[in-house]
Peer 1: 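Can you read through this structure? Questions will come right after.
Worth saying up front: this structure is predicted, and the values here are computed from it rather than measured. Note that the numbering runs from 1 along the sequence shown for the chain.
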Amino acid sequence: MKKLGFGAMRLPLTNPDDKTSIDIELLKQMVDTYLDAGFTYFDTAYPYHEQMSECAMKEALTSRHDRSEYIFADKMPTILVKSADEYPMYFNEQLEKTGVGYFDYYLMHNMGKDRYSKTEEFGGFEFALKMKEAGKIKNLGFSFHDDAQTLEEILTKHPYVDFVQLQINYLDWNNPVIQSRLCYETAVKHGKKVIVMEPVKGGTLARLPDKAMQLLHDFNPDMTPASLALRFAASLDNVFMVLSGMSDMAQIKENTALMKNPAPISKKEYELIDKIVEIINQSIEIPCTSCGYCTEVCPQNIAIPSLFGLYNNYKINGSFSGMYFNRIIFDNGRPSSCLGCRKCERNCPQHIHITDYLKKISEFEN
């Protein structure tokens with residue numbers, strides 16, 4: 001397998017304000033271009049695109065290509081499971097929605113202290129292991145957003161898992177909260193293969209501050225920010241797949257060209273990365289990756305990732321866009337409508353103090 005995976009979390013839309021309006025015809029072209037370039041790995045999950053991603057992948061991929069042409073990964077929606085009886089219900093629904101027949105890679109979704117506790121209570125790993133023994137799962141693992149100590153606990157309790165999916169990028173590598181490096185080293189210690197998610201941190205590392213862009217350009221005028229981030233992840237020895245949530249044809253072409261034979265990161269490039277990280281940390285206030293887990297549980301329907309992206313741009317550029325703010329809140333709750341329940345914070349993989357930042361953003365309301 002080539003190391004670039006097609007993440008189906010940020011698919012092209014016909015209406016940017018409607019996550020269910022997936023542009024199927026464009027997606028078909030993107031899928032075909034990706035496959036034609038020699039790449040095969042597709043990754044989706046039950047909640048993506050308001051539960052429409054799996055259906056879109058069936059229409060664009062699995063109903064149009066032979067099962068031997070692609071590798072398919074999906075995830076158990078652990079946040080929705082309320083009892084052990086629901087595992088087969090969701091699993092069979094996913095098989096039906098995707099049309100794959102079996103999953104090459106199957107993950108317990110977004111393991112952390114809270115969801116892992118419930119998964120243990122309901123016997124989630126044991127259910128998935130039975131599905132593997134039945135041939136419906138070829139490789140069993142889990143995606144993970146938490147500290148290295150919790151990862152150590154899970155891998156010790158479930159040594160039979162085949163792989164772990166971790167958030168790894170050069171901005172989070174030494175972050176004391178995300179602990180990308182420590183988690184990677186824990187997985188390596190347990191002999192587990194690693195899949196990388198968020199290699200460009202939700203687009204943050206594809207849109208560098210001007211000062212960082214100048215450094216990159218001076219180092220190599222032909223190097224793009226995204227290419228540096230993807231190569232950083234791909235250079236790690238135990239990483240066998242790097243996921244990219246590609247949203248248009250330009251990203252498909254750029255990323256497949258780069259990842260056909262990605263050059264390892266050099267010593268001088270590591271030094272460049274250290275300088276870029278220092279600049280970014282000075283300019284970005286909210287470390288949001290736009291995963292949307294916060295919005296899954298927000299009772300006020302506040303578009304938290306969009307508001308955070310707007311606020312981060314303000315911190316970088318010094319200009320707060322009222323036009324974009326009004327578009328963000330048009331069909332969603334205002335930041336001032338936050339109840340302070342902190343459900344979003346308990347569901348946030350980045351451990352962001354969301355309610356505090358919403359108070360700051362509410363100061364920009366008219």
Peer 1: Would Phe127 and Phe91 satisfy ring pair (Phe, Tyr, Trp, His ring centres under 6.0 Å), going step by step from the backbone distance to the final call?
Peer 2: CA-CA 10 Å; Phe127 167 79; Phe91 189 82; 5.8 Å; yes

Peer 1: Apply salt bridge (charged side-chain N to carboxylate O under 4.0 Å, His left out) to Arg346 and list each qualifying residue two or more places apart in sequence or on a separate chain.
Peer 2: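 Expected list: none.
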
Peer 1: Consider only side-chain N and O atoms of Tyr106 and Gln94, and report whether a donor and an acceptor are under 3.5 Å apart.
Peer 2: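 Result is yes, a qualifying pair exists.
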
Peer 1: Looking at Phe39, I'd like to know if the NZ or CZ of Lys2 sits under 6.0 Å from its six-membered ring centre while staying within 45 degrees of the ring's axis.
Peer 2: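 Because its charged atom sits under 6.0 Å from the ring centre and within 45° of the axis, Lys2 does stack over Phe39.
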
Peer 1: Against the six-membered ring of Phe240, is Lys193 placed for a cation-pi contact (under 6.0 Å from the centre, within 45° of the normal)?
Peer 2: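 Yes, Lys193 lies over the aromatic ring of Phe240.
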
Peer 1: With a 4.5 Å cut-off on side-chain heavy atoms, are Tyr314 and Phe325 touching?
Peer 2: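 A side-chain contact is absent here, since even the closest heavy-atom pair is not under 4.5 Å.
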
Peer 1: Applying ring pair (Phe, Tyr, Trp, His ring centres under 6.0 Å), run through Phe163 and Tyr105 and close with a yes or a no.
Peer 2: CA-CA 9 Å; Phe163 67 97; Tyr105 289 81; 5.2 Å; yes

Peer 1: Answer yes or no on whether Lys136 is positioned over the face of Phe103, meaning its NZ or CZ is under 6.0 Å from the six-membered ring centre and within 45° of the axis.
Peer 2: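 Because its charged atom misses either the 6.0 Å distance or the 45° angle limit, Lys136 does not stack over Phe103.
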
Peer 1: Do Arg231 and Glu269 sit within salt-bridge range, that is, some charged N less than 4.0 Å from a carboxylate O?
Peer 2: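 A salt bridge is present here (some side-chain N lies under 4.0 Å from a carboxylate O).
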
Peer 1: Salt bridge between Lys201 and Glu198, side-chain N to carboxylate O under 4.0 Å?
Peer 2: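 Looking at Lys201 and Glu198, the cut-off is not met.
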
Peer 1: State, yes or no, whether a side-chain contact exists between Phe142 and Phe125 at a heavy-atom distance under 4.5 Å.
Peer 2: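 They are in contact (side-chain heavy atoms under 4.5 Å apart), so the answer is yes.
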
Peer 1: Can you name the residues that form a side chain to side chain donor-acceptor pair (under 3.5 Å) with Asp66, not counting sequence neighbours?
Peer 2: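 In terms of side chain to side chain donor-acceptor pair (under 3.5 Å), with neighbours along the sequence ignored, Asp66 is linked to Ser68.
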
Peer 1: Would you mind reporting whether Asn175 and Arg181 have side-chain heavy atoms less than 4.5 Å apart?
Peer 2: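 Result no, sub-4.5 Å side-chain heavy-atom pair not found.
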
Peer 1: So, Ser83 versus Asp85: side-chain donor-acceptor pair below 3.5 Å or not?
Peer 2: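 Not at all, the side chains of Ser83 and Asp85 share no donor-acceptor pair under 3.5 Å.
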
Peer 1: Provide the closest heavy-atom pair for Val31 versus Leu61 in the form atom of the first, atom of the second, distance.
Peer 2: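 Nearest pair, atom of Val31 first, then Leu61: CG1-CD1, 3.7 Å.
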
Peer 1: Can Ser244 and Asn255 be counted as having a side-chain donor-acceptor contact under 3.5 angstrom?
Peer 2: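 Yes, Asn255 and Ser244 have a side-chain donor paired with an acceptor closer than 3.5 Å.
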
Peer 1: Does any part of the side chain of Phe6, heavy atoms only, come nearer than 4.5 Å to the side chain of Thr256, both counted from C-beta?
Peer 2: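 They are not in contact (no side-chain heavy atoms under 4.5 Å apart), so the answer is no.
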
Peer 1: Scan for salt bridge (Lys or Arg N to Asp or Glu O under 4.0 Å) pairs involving residues 238-257, sequence neighbours excluded, and state none if there are none.
Peer 2: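 Qualifying pairs, neighbours excluded: none.
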
Peer 1: From Met131 CE over to Leu140 CG, what is the distance, rounded to the nearest 0.5 angstrom?
Peer 2: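 These two atoms lie 11.0 Å from each other.
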
Peer 1: Tell me the closest heavy-atom pair linking Leu216 and Pro225, and the distance in Å.
Peer 2: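 Result for this residue pair: CD2-N, 3.6 Å.
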
Peer 1: Could you pull out the closest heavy-atom pair between Pro335 and Ile329, with the gap in Å?
Peer 2: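 Of all heavy-atom pairs spanning Pro335 and Ile329, the closest is CD-CG2, 4.2 Å.
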
Peer 1: Please determine, by modelled atom types, if Thr20 and Glu50 share a side-chain donor-acceptor pair under 3.5 angstrom.
Peer 2: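 Distance-only check fails for Thr20 and Glu50.
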
Peer 1: Please identify which of these residues, Asn110, Ile154, Thr186, meets the side-chain contact (heavy atoms from CB on, under 4.5 Å) condition with Phe144.
Peer 2: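 For Phe144, the side-chain contact (heavy atoms from CB on, under 4.5 Å) check succeeds only for Ile154.
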
Peer 1: Any chance the side chains of Glu285 and Asn312 put a donor and an acceptor closer than 3.5 Å?
Peer 2: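 Result is no, nothing qualifies.
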
Peer 1: Taking all non-hydrogen atoms of both residues, which atom of Met249 and which atom of Met30 are closest, and how far apart?
Peer 2: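 The answer is CE-N, 3.6 Å.
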
Peer 1: Can you confirm whether the side chains of Thr156 and Glu152 place a donor and an acceptor under 3.5 Å from each other?
Peer 2: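 The answer is yes; a qualifying pair exists.
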
Peer 1: Side-chain donor-acceptor pair under 3.5 Å between Arg115 and Asn347, yes or no?
Peer 2: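 Their side chains do contain a donor-acceptor pair, which is all the 3.5 Å distance test asks for.
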
Peer 1: Mind running side chain to side chain donor-acceptor pair (under 3.5 Å) on Glu120 and His158 for me, showing each step along the way?
Peer 2: CA-CA 10 Å; Glu120 284 291 276; His158 303 282; 2.7 Å; yes

Peer 1: Looking only at side-chain N and O atoms, does Ser53 offer a donor or acceptor that is under 3.5 Å from a partner on Thr44?
Peer 2: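 Present: a donor and an acceptor within the cut-off.
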
Peer 1: Considering all heavy atoms of both residues, which atom of Ser337 and which atom of Gln300 are nearest to each other, and what is their separation?
Peer 2: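 Shortest heavy-atom separation between Ser337 and Gln300 comes out as O-NE2, 3.1 Å.
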
Peer 1: Side-chain donor-acceptor pair under 3.5 Å between Thr355 and Glu345, yes or no?
Peer 2: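 Short answer, yes.
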
Peer 1: Rounded at 0.5 Å granularity, tell me how far CG in Asp104 sits from CG in Asp74.
Peer 2: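 If I round to the nearest 0.5 Å, the distance is 11.0 Å.
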
Peer 1: Determine which pairs satisfy ring pair (Phe, Tyr, Trp, His ring centres under 6.0 Å) with at least one residue from residues 265-298, sequence neighbours left out, and list them in order.
Peer 2: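 Those involving residues 265-298 are His109-Tyr293.
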
Peer 1: Side chains of Asp36 and Thr33: is there a donor and an acceptor less than 3.5 Å apart?
Peer 2: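 There is no such pair between these side chains.
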
Peer 1: Take Glu54 and Tyr48, measure what side chain to side chain donor-acceptor pair (under 3.5 Å) needs, and give me the verdict at the end.
Peer 2: CA-CA 8 Å; Glu54 292 168 325; Tyr48 293 173; over 6 Å; no

Peer 1: Under the side chain to side chain donor-acceptor pair (under 3.5 Å) test, which residues partner Glu69, sequence neighbours left out?
Peer 2: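 So Glu69 forms a side chain to side chain donor-acceptor pair (under 3.5 Å) with His65.
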
Peer 1: Sequence neighbours excluded, which residues qualify as side chain to side chain donor-acceptor pair (under 3.5 Å) partners of Gln214?
Peer 2: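 If we apply the side chain to side chain donor-acceptor pair (under 3.5 Å) test to Gln214, skipping adjacent residues, the hits are Asp218.
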
Peer 1: Would you indicate whether Lys19, at its atom NZ, is surrounded by more than 12 heavy atoms from other residues, nucleotides or ligands within a distance under 6.0 Å?
Peer 2: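 Counting other residues, nucleotides and ligands, NZ of Lys19 stays at 12 neighbours or fewer.
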
Peer 1: Does any non-hydrogen side-chain atom of Ser321 lie less than 4.5 Å from one of Leu310?
Peer 2: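 A side-chain contact exists here, since the closest heavy-atom pair is under 4.5 Å.
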
